[in-house]
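Just so you know, these numbers use all the heavy atoms, side chains as well, and skip hydrogens, waters and symmetry mates. Index from 1, following the sequence.
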Amino acid sequence: MNLAVAADHGGFPLKDRIVEELRTLGHQVTDLGTDSAQPVDYPDYARAVAREILERRAERAVLICGSGAGACVAANKFRGIRAATCHDSFSARQSVEDDDVNVMCLGARVIGPELAVDLVRDYVNARFSGAERHRRRLGKIAAFEADFGK
Ligand code: RB5
C-alpha cells in the first residue's frame, strides 16, 4: 500500500520507528517530516498528509502529534479525509472496517513505540467491510461536507 507518514515535533520521537516498520512490512512510505524536535505546527502536517491522499499519491496515512488530538482535528477539516485517533487495537482495526478511516492519528506523548507499532500494523492490515450500513453512514458524513463544507 502507498502510505504517507507525518508528525509534528510532539510526534517526531515515534515517526522513524513507524516508517521503518511500515517499510519492513513491504509498504511504500512517503515520509513528510518533520525531521527534528524543533517546534512546528501540526496543522501543516495534517495538510501535507491530506494532500497526499486527496491527490491520490497515498491510500492512507499515519499522522502523529503529542496527544493525537490536534492532528486529528486538523486532518478532519479536509473534505474526503476521515481521521481517527486510535490508541487501542480494537479502534485501529474497526476504524477502517466500519468507518473507512484514511488517516490514523497517534499521540507520541500518550503511547510508547511498541504499542504504536502494533496499532499501525492492525490499521494497515484492516480493510473496509463495504457493508451497506457503513456505506450509508459514510454517505451521511460526506453529505455534511457537501452541505456545510463550502
Ligand atoms: C505540540 O506541543 C502539541 O500541542 C501537539 O503535538 C499536539 O499534541 C496537539 O494536539
Side-chain angles (χ1 to χ4, degrees), residues 1-8 10-11 14-15 17-19 21-34 40-150:
M1 188 185 305
N2 289 323
L3 295 161
V5 177
D8 74 352
L14 265 187
K15 187 187 58 124
R17 180 78 181 81
I18 299 296
V19 169
E21 179 67 20
L22 289 170
R23 286 185 177 147
T24 301
L25 290 171
H27 298 286
Q28 285 73 49
V29 182
T30 302
D31 180 345
L32 298 168
T34 188
V40 291
D41 296 334
Y42 61 81
D44 297 334
Y45 295 85
R47 183 177 192 275
V49 299
R51 200 167 171 182
E52 286 296 294
I53 292 171
L54 298 174
E55 294 180 358
R56 301 189 184 283
R57 289 185 293 277
E59 289 166 60
R60 294 189 210 164
V62 179
L63 180 61
I64 318 163
C65 68
S67 63
C72 189
V73 170
N76 275 312
K77 295 299 176 190
F78 294 90
R79 189 179 297 200
I81 295 300
R82 293 173 299 280
T85 303
C86 301
H87 287 161
D88 64 276
S89 57
F90 179 80
S91 307
R93 184 173 43 77
Q94 209 202 35
S95 66
V96 176
E97 292 174 350
D98 291 8
D99 311 321
D100 203 15
V101 156
N102 50 15
V103 178
M104 178 202 216
C105 300
L106 296 171
R109 294 173 181 160
V110 182
I111 59 168
E114 296 316 313
L115 175 57
V117 162
D118 278 354
L119 296 174
V120 165
R121 256 193 243 120
D122 290 335
Y123 174 68
V124 295
N125 287 333
R127 295 290 175 271
F128 179 51
S129 71
E132 192 282 329
R133 67 186 185 286
H134 296 309
R135 289 188 184 281
R136 183 180 70 243
R137 291 162 189 161
L138 291 172
K140 290 187 176 185
I141 295 169
F144 293 163
E145 292 176 334
D147 286 350
F148 302 112
K150 296 181 178 110

Query raised in the report: Just wondering, more than 12 heavy atoms not from R136 lying within 6.0 Å of its CZ?
Result: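 Enclosed.
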Report task. Applying side chain to side chain contact (heavy atoms under 4.5 Å, CB included), run through S89 and D122 and close with a yes or a no. Result -> CA-CA 7 Å; S89 57; D122 290 335; 3.0 Å; yes
Using side-chain heavy atoms (C-beta onward) and a distance below 4.5 Å, is [X] in contact with [Y]?
X	Y	result
I81	L54	yes
D8	D41	no
L106	V120	yes
I18	V117	yes
E52	L32	yes

For [X] and [Y], indicate whether the former's side chain and the latter's backbone hold a donor-acceptor pair under 3.5 Å.
X	Y	answer
H134	E97	no
Y123	V101	yes
K15	T34	yes

Shortest non-hydrogen contact from [X] to [Y]?
X	Y	result
S67	T85	O-CG2, 4.3 Å
C65	Y42	CB-CB, 4.4 Å
A46	A71	CB-O, 4.0 Å
L22	V29	CB-CG2, 3.6 Å
A108	G10	CB-O, 3.3 Å
A75	L63	CB-CD2, 4.0 Å

**Report entry** Intermediate values then yes/no, side chain to side chain contact (heavy atoms under 4.5 Å, CB included), L138 and F128
**Finding:** CA-CA 11 Å; L138 291 172; F128 179 51; 3.7 Å; yes
Query raised in the report: For the side-chain contact (heavy atoms from CB on, under 4.5 Å) test, which of R82, R60, R135, R127 pairs with D100?
Result: R82
Report summary line: So the side-chain hydrogen bond (donor to acceptor under 3.5 Å, both in side chains) pairs with at least one residue in residues 103-118 (sequence neighbours excluded) are R17-E114, D118-R121
Requested in this report: Drop me the distance from N125's CG to R93's CZ, to the nearest 0.5 angstrom.
Outcome: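 Answer rounded to 0.5 Å: 11.0 Å.
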Query raised in the report: How far does CZ of R133 sit from CG of D98, to the nearest 0.5 angstrom?
Result: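 That separation rounds to 6.5 Å.
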Requested in this report: Output, in order, the C-alpha distance, side-chain angles, deciding distance and verdict of side chain to side chain contact (heavy atoms under 4.5 Å, CB included) for R47 and K77.
Outcome: CA-CA 9 Å; R47 183 177 192 275; K77 295 299 176 190; over 6 Å; no
